[in-house]
There are 2 protein chains.
Amino acid sequence: MTRRSSSVTIRDVARQAGVSVATVSRYINRNAPVSAEVADRLHQVMSDLRYVPHAAARHLASRKTRVVGILLRNLHNDFFVPLLNGVEAVVRTKEYNLIVATYHANSRNGLPPPIGPHNTDGLLIFSDGLTDEDLANLSASGFPMVLLYRTCPPSLNIPSITVENVEITRKLVEHLIQVHGKRRILYMRGPIGQEDSDRREAGYRAALEANGIPFDEELILNGEFERDTAYQVLNDFLSNGKQVAFDAIFTGDDDAAVGVLKALHKHGYRIPEDVAVVGFDDLAVAPFLNPALTTVRAPTESVGRIAAERLFALLENQALSEAVVLPTEIVFRRSCGCHT
Amino acid sequence: MTRRSSSVTIRDVARQAGVSVATVSRYINRNAPVSAEVADRLHQVMSDLRYVPHAAARHLASRKTRVVGILLRNLHNDFFVPLLNGVEAVVRTKEYNLIVATYHANSRNGLPPPIGPHNTDGLLIFSDGLTDEDLANLSASGFPMVLLYRTCPPSLNIPSITVENVEITRKLVEHLIQVHGKRRILYMRGPIGQEDSDRREAGYRAALEANGIPFDEELILNGEFERDTAYQVLNDFLSNGKQVAFDAIFTGDDDAAVGVLKALHKHGYRIPEDVAVVGFDDLAVAPFLNPALTTVRAPTESVGRIAAERLFALLENQALSEAVVLPTEIVFRRSCGCHT
DNA sequence: ACGGTTACTGTAACCGTTTACATTAAAACC
DNA sequence: GGTTTTAATGTAAACGGTTACAGTAACCGT
């Protein structure tokens, strides 16, 4: 075979420094003592030769990739910026790399997820692309994972990071009812089966029930937690002949709320006079929307950071069992009718 | 050595199917004919055994990682969502993986970039962390790269994707001057040396000059193209005793414009009556800011998509020389004083 | 002075693939 | 029918590191 590598290998370094490859490797990984003299020489030779260890070779030999992955539904939302930022900050300090991949239930036509044990040391999962069964299989093989915005199926033992949804949503919707006198509150939900979406619906229903308002299926719209989808869906709803009366919208996340505002503006609704709008997440732009958006502050960057930290704890073989639920709080602004 | 691998290897598949590993490899890579009968058997065995090829081993043997990287200054801005989305979409269709890494001039304390030839097949570069010299070295070794928002140094030959900055900025600033009668226009610039920031400043200066307005150093603020930094900087500027008069702000990007709006609101300025504000990028939320932001529509997702496509063209050994400059256009909204 | 650590280094097997080269049998050509 | 292609497969050498094992020399405690 005539393979010719243009790149300088550990053997070149070893030869040039007059030591064995093992010593070079030990120097690189600092996992065994190397004499000061040899260390200096290696340092010099490595920089002279511009030697960079070949990642795949290290991976193959050491059985670790030094890569973690994050599996997302998609990359359509501003929501992902603080999340990725939190994750990336931790990954960087650990001198790991981060693979970002999208994969969702509808995208798997029998395709396996693009990231997993074959190319990462662990996974942050914020995607419905992996079923409970997939998780069970991975978990059984001891593959490190942390679930984001999704609690672990009871039989498994995978750490998860979520935010408090039900109570805060109940409070938020009760605020619409009790303070602003709303009775016909539309819920712009997220993807079917997505836990945040379901829990927020539970809080929404609880609020209705506690206040003697009947639940109306017609007031549930599926905006997929996406700006553009939410716009489309609400636009269709408003364009539809049979007008369903409503006086407020609880949008399950702020990105979708942007789409909701767009559709309402387009159809001439005044916010909050005609329709109150509230969201969830408190994106950075929420205070600057028109009108400023009343929403729930969810610590998205912290979710990313803590999830990554826990993943690394797992990689270091620390056992973690408890699920983390981060607290949330309502931020009252103009769009619900407050701060006139 | 007692290495014990829990995972199933190509040898297991070969043994189980009664063929050699070479045949299995050929079947996997479909780069040489395999009899239909053997193919069926392999298909069956591989799924029975849940065989997944070990990425690092493939990389090592084939000298390709099937990974591309994108090097970013940071992950602080909503701007990165459409960019990453464009890139990721292409990467996914190519069945590659995407490593997202941050690295900027100030973060390199002698550290090499986290991604490069040792762990990727090519790089999208949107970062000042790599100097022209770094680029020259990489380029000399034939490493595929595409520059984002940065034109290639003259001596090199690296494809780049940028957007048209100078002319559109001149038009935008002239709009402020000629239509809205502004004379004291502040420029909230981006990172020093960042090309977009410099070019937009050039357009800004051209507009002033063409309209007989003297350039005033005091009206240049460095917001780093970041929401929070821009807020801080403008807030300090406004809190400062010696009040510098100004009647408009050209913010070099929309993320920073959000920070600018925040600072202006805080100090009681009315927009656009007291101060006109314009931005650049046309982020998804720009129409929903308060007031709706007049800005320049820059096709960020297309930049990501085209950059990725060109990177893959490079990987397939197509030579690309020309720099791509995508057109931009002004979107007039309320914040400049239009659409009263 | 001597057994036991400890610091440092080298040799070579191994990680799980790809692929150059060799081989055989069947198909195609004249 | 003999020669040349072509299809299908196998053998084994890389790819560039890590690390178990072995060994040597200096150091330590008694």
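Naming: A, B, ... by sequence-line order, numbering from 1 per chain. Please read these numbers as outputs of a predicted model, since none were measured by experiment.
Under 3.5 Å, the side chain of A:R58 and the base of D:dG16 form no donor-acceptor pair of N or O atoms. Remark: the A:R63 side chain and the D:dG17 base include no donor-acceptor N/O pair separated by less than 3.5 Å.
Contacts of B:T23 with the nucleic acid, taken as non-hydrogen atoms under 4.0 Å apart, involve only primed sugar atoms and P, OP1 or OP2. Using a 4.0 Å heavy-atom criterion, one finds that A:V24 contacts no nucleic acid atom at all.
Side-chain N/O atoms of B:S35 include one lying less than 4.0 angstrom from OP1 or OP2 on D:dT9. Within the structure, every side-chain polar atom (N or O) of A:T9 is placed at least 4.0 Å from both OP1 and OP2 of D:dG16. In terms of phosphate contacts, A:Y27 brings no side-chain nitrogen or oxygen within less than 4.0 Å of OP1 or OP2 of D:dT18. Applying the 4.0 Å criterion to OP1 and OP2 of C:dT18, one finds that B:N31 has every side-chain N and O outside that range.
Projected onto DNA chain C by closest heavy-atom contact, A:S20 and B:P53 fall at different nucleotides, the more 5' of which corresponds to A:S20. Positionally, the nearest nucleotide of DNA chain D for B:A32 lies more toward the 5' end than for the other of B:A32 and A:H54.
For B:A22, whose side chain is taken as the heavy atoms from C-beta onward, the closest listed nucleotide among C:dG16, C:dT19, D:dA8 is C:dT19. Distance from the side chain of A:V19 is smallest to C:dG10 among C:dG10, C:dC8, C:dT9. The side chain of B:R11 lies closest to C:dT17 when the candidates are C:dT17, D:dT9, C:dT19. With C:dT11, C:dT18, D:dT18 as the choices, the nucleotide that has an atom nearest any side-chain atom of B:I10 turns out to be C:dT18. Of all nucleotides listed (D:dG16, C:dT9, C:dA7), D:dG16 comes nearest to the side chain of A:L60.
With rounding to whole Å, A:R26 atom CZ is found 11 Å from D:dA22 atom C1'. At whole-Å resolution of the value, CZ in A:R41 and P in C:dC8 are 14 Å apart. Computed from coordinates, the A:N29 CG to D:dT19 P distance equals 7 Å when rounded to whole Å. Taking atom CZ of A:R30 as the reference point, atom P of C:dA7 lies 17 Å away to the nearest angstrom. The distance between atom CZ of B:R66 and atom P of C:dT17, rounded to the nearest whole Å, is 15 Å.
The cationic atom of B:R92 (NZ for Lys, CZ for Arg) does not lie both less than 6.0 Å from the six-membered ring centre of B:Y96 and within 45° of the ring axis. Note that B:R150 lies outside the cation-pi zone of B:F126, set by a 6.0 Å cut-off to the ring centre and a 45° limit from the axis.
Contact check on B:E301 versus B:R305 returns no salt bridge, with no Lys/Arg side-chain nitrogen under 4.0 Å from an Asp/Glu carboxylate oxygen. Contact check on A:K94 versus A:E309 returns no salt bridge, with no Lys/Arg side-chain nitrogen under 4.0 Å from an Asp/Glu carboxylate oxygen.
Base pairing of D:dA13 is made with C:dT18, judged by Watson-Crick or G-U wobble geometry with both donor-acceptor distances under 3.5 Å. Searching all strands for a Watson-Crick or G-U wobble partner of D:dG29 with both distances below 3.5 Å returns C:dC2.
When B:V38, B:L42, B:V34 are each tested for a side chain to side chain contact (heavy atoms under 4.5 Å, CB included) with B:R26, only one passes: B:V34.
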